[in-house]
Amino acid sequence: MSLPIIRVHFLNESRAFRVLWLLDQLKLDYEIVPYRRDASFRAPEELKKLHPLGKSPLLEVEDRKTGKRKILAESGYIFQYVLKHFDKAKSLDNADSDKSEEIQYYLHYAEGSLQPPLIVDMLFSMDPYGTLPFPLSYIPGMVTQKIVENYSKGEIKNQLDFIEGEIAKNDGYLVGGKLSAADILMSFPIDMAFGGPYGHQFADPKQYPVIDKWLKNLKTLVSYTSAKYKAGANGAQF
């Protein structure tokens, strides 16, 4: 049976890069449909023609015989779908049912627990009040600093301490001592925490040597290099 046509609706400077990486690691053929962020760093309206929320990544799966299409949204769900339908050998899943469930956990954890405090910190680091005259700029600055100190900063440390321990006890990977989809999906928020891709560092890699080594090892994969090249050709910057 031939595989369906797979299209990644790819927005530059977005988490869609991980979908390219996943598909390359599985050696799947796919097409890239590129989109560019506007001057306000928002996704273009064209994406709403595919999905009402207009977010990226979106994965389009088209049956070659019937032409029937599915549009899949949300990174974790896209990863789940790809593992279920296109990773029959379980090369990025795990034959052990308990370890497979751990992988599924991380597909939800990455966006549900790890990403939110990073987003909060990133938004406050943009300093939207910087153009206000002193002392007006000082008041909202105090508020955002308190939120960062009382919530996001402590929560980021809590999450990274947890991940450091998990990788340490799993022989350099998140689950079962081998590369899985969890590692690929989790790479983005960790990279973000350590200073990329948005250039604001939320944690010092030196304080998390196990995570730092894990991330560096992931970036040596041929699939990462391939996906990075394709993403760069479609407007992403690294």
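Side-chain atoms are counted along with the backbone in the values below, which use heavy atoms only and exclude waters and symmetry mates. Small disclaimer: the values here were computed from a predicted structure and weren't measured.
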- request: Locate the shortest heavy-atom distance separating F10 from L20; write the atom from each residue and the value.
  value: CE1-CD1, 3.7 Å
- request: Hey, could you give me the CG/CG distance between D183 and N217, rounded to the nearest 0.5 Å?
  value: 10.5 Å
query: Under 6.0 Å between the ring centres of Y109 and F162?
result: yes
- request: For atom CD of Q104, decide whether the heavy atoms of other residues, nucleotides or ligands shown that lie under 6.0 angstrom number more than 12.
  value: yes
- prompt: Quick one: salt bridge (charged side-chain N to carboxylate O under 4.0 Å, His left out) pairs with a partner in residues 209-224, sequence neighbours left out?
  reply: D191-K219, D212-K216
task: Kindly write out the residues that satisfy ring-ring contact (aromatic ring centres under 6.0 Å, His included) with Y224, not counting sequence neighbours, or none if the list is empty.
output: F17, W21
Single-linkage hydrophobic cluster I5~I32, side-chain heavy atoms < 4.5 angstrom: no
message: Treating S180 as the side-chain partner and A182 as the backbone partner, does any N or O pair qualify as donor plus acceptor under 3.5 Å?
response: yes
message: Just to verify, which of L23, N234, L58 counts as forming a side chain to side chain contact (heavy atoms under 4.5 Å, CB included) with V8?
response: L23
field: Residues, nucleotides or ligands: over 12 heavy atoms within 6.0 Å of R64 CZ
entry: yes
message: For the backbone of V210 and the side chain of E164, can you confirm whether one donor and one acceptor N or O come within less than 3.5 Å of each other?
response: yes
message: When you measure from the side chain of K90 to the backbone of D96, do you find a donor-acceptor pair of N or O atoms at a distance under 3.5 Å?
response: no
message: Counting C-beta onward and ignoring hydrogens, is there a side-chain heavy-atom pair between Y77 and L107 closer than 4.5 Å?
response: no
- prompt: Are any of the side-chain heavy atoms of P4 and F86 separated by less than 4.5 Å?
  reply: yes
- prompt: More than 12 heavy atoms of other residues, nucleotides or ligands under 6.0 Å from NZ of K55: is that the case?
  reply: no
- prompt: Looking at CG of D161 and CD1 of I156, how far apart are the two atoms once the value is rounded to the nearest 0.5 Å?
  reply: 12.0 Å
- prompt: Under 3.5 Å, is there a donor-acceptor pair between the side chain of R15 and the main chain of S56?
  reply: no
- prompt: Side chains of E155 and V120: closer than 4.5 Å at any heavy-atom pair?
  reply: no
- prompt: Got more than 12 heavy atoms from elsewhere within 6.0 Å of CG, D29?
  reply: no
query: Does I163 reach the side chain of W214, with side-chain heavy atoms less than 4.5 Å apart?
result: no
field: Verdict with reasoning, Q80 to H108, per side-chain contact (heavy atoms from CB on, under 4.5 Å)
entry: CA-CA 10 Å; Q80 281 185 320; H108 293 277; 3.3 Å; yes
- request: Please answer: with hydrophobic residues joined when any side-chain heavy atoms are less than 4.5 Å apart, are L221 and L28 in the same cluster?
  value: yes
task: Would you sort out whether V82 and L59 count as a side-chain contact (heavy atoms from CB on, under 4.5 Å), showing the intermediate values?
output: CA-CA 10 Å; V82 170; L59 189 72; 3.8 Å; yes
- request: Begin with the C-alpha distance, continue with both residues' side-chain angles, and end with the deciding distance and a verdict on side-chain hydrogen bond (donor to acceptor under 3.5 Å, both in side chains) for Y30 and D24.
  value: CA-CA 9 Å; Y30 62 93; D24 276 352; 3.0 Å; yes
message: Between I190 and Y105, is there shared hydrophobic-cluster membership here, with clusters defined by ILVMFWY side-chain heavy atoms closer than 4.5 Å?
response: yes
Heavy-atom closest pair, residues F41 and E13: CZ-CB, 3.9 Å
K68: partners by salt bridge (Lys or Arg N to Asp or Glu O under 4.0 Å), with sequence neighbours left out: none
Min side-chain heavy-atom separation N12-P34 under 4.5 Å: no
message: If you compare all heavy atoms of P209 against all heavy atoms of K206, which two are closest, and at what distance to 0.1 Å?
response: CD-O, 3.8 Å
task: Would you check if H9 and H51 make a side-chain contact, meaning some heavy-atom pair closer than 4.5 Å?
output: no
Interatomic distance, K70 atom NZ to H85 atom NE2 [nearest 0.5 angstrom]: 5.5 Å
field: Evaluation steps, side-chain contact (heavy atoms from CB on, under 4.5 Å), between L174 and I103
entry: CA-CA 8 Å; L174 283 165; I103 292 169; over 6 Å; no
query: Is there a chain of hydrophobic side chains (I, L, V, M, F, W, Y, each step under 4.5 Å between heavy atoms) that links L22 to Y81?
result: yes
- prompt: With no hydrogens and no angle check, is any side-chain donor or acceptor of N170 less than 3.5 Å from a backbone partner on V175?
  reply: no
Point-to-point distance, once rounded to the nearest 0.5 Å, from OG of S97 to CD of E102: 10.5 Å
task: Please tell me if the side chains of L185 and S75 come closer than 4.5 Å, counting only heavy atoms from C-beta onward.
output: yes
query: Does the salt bridge (Lys or Arg N to Asp or Glu O under 4.0 Å) test come out yes or no for R18 and E111, once each step is laid out?
result: CA-CA 13 Å; R18 295 176 297 183; E111 302 286 307; 3.0 Å; yes
Atom pair OG/CZ of S187 and F194 - distance to nearest 0.5 Å: 12.0 Å
query: If you round to the nearest 0.5 Å, how far is NZ of K157 from CD of Q207?
result: 8.0 Å
Nearest heavy atoms of L118 and P189, plus distance in Å: CD1-O, 3.3 Å
Least distance between heavy atoms, A16 atom then L11 atom: CB-N, 4.3 Å
- request: Please answer: with hydrophobic residues joined when any side-chain heavy atoms are less than 4.5 Å apart, are F79 and L53 in the same cluster?
  value: no
field: L92 and L83: CA distance, side-chain angles, deciding distance, side-chain contact (heavy atoms from CB on, under 4.5 Å) verdict
entry: CA-CA 7 Å; L92 289 179; L83 290 181; 3.9 Å; yes
- prompt: Between L160 and A193, which heavy-atom pair has the shortest distance, and what is it?
  reply: CD1-CB, 4.4 Å
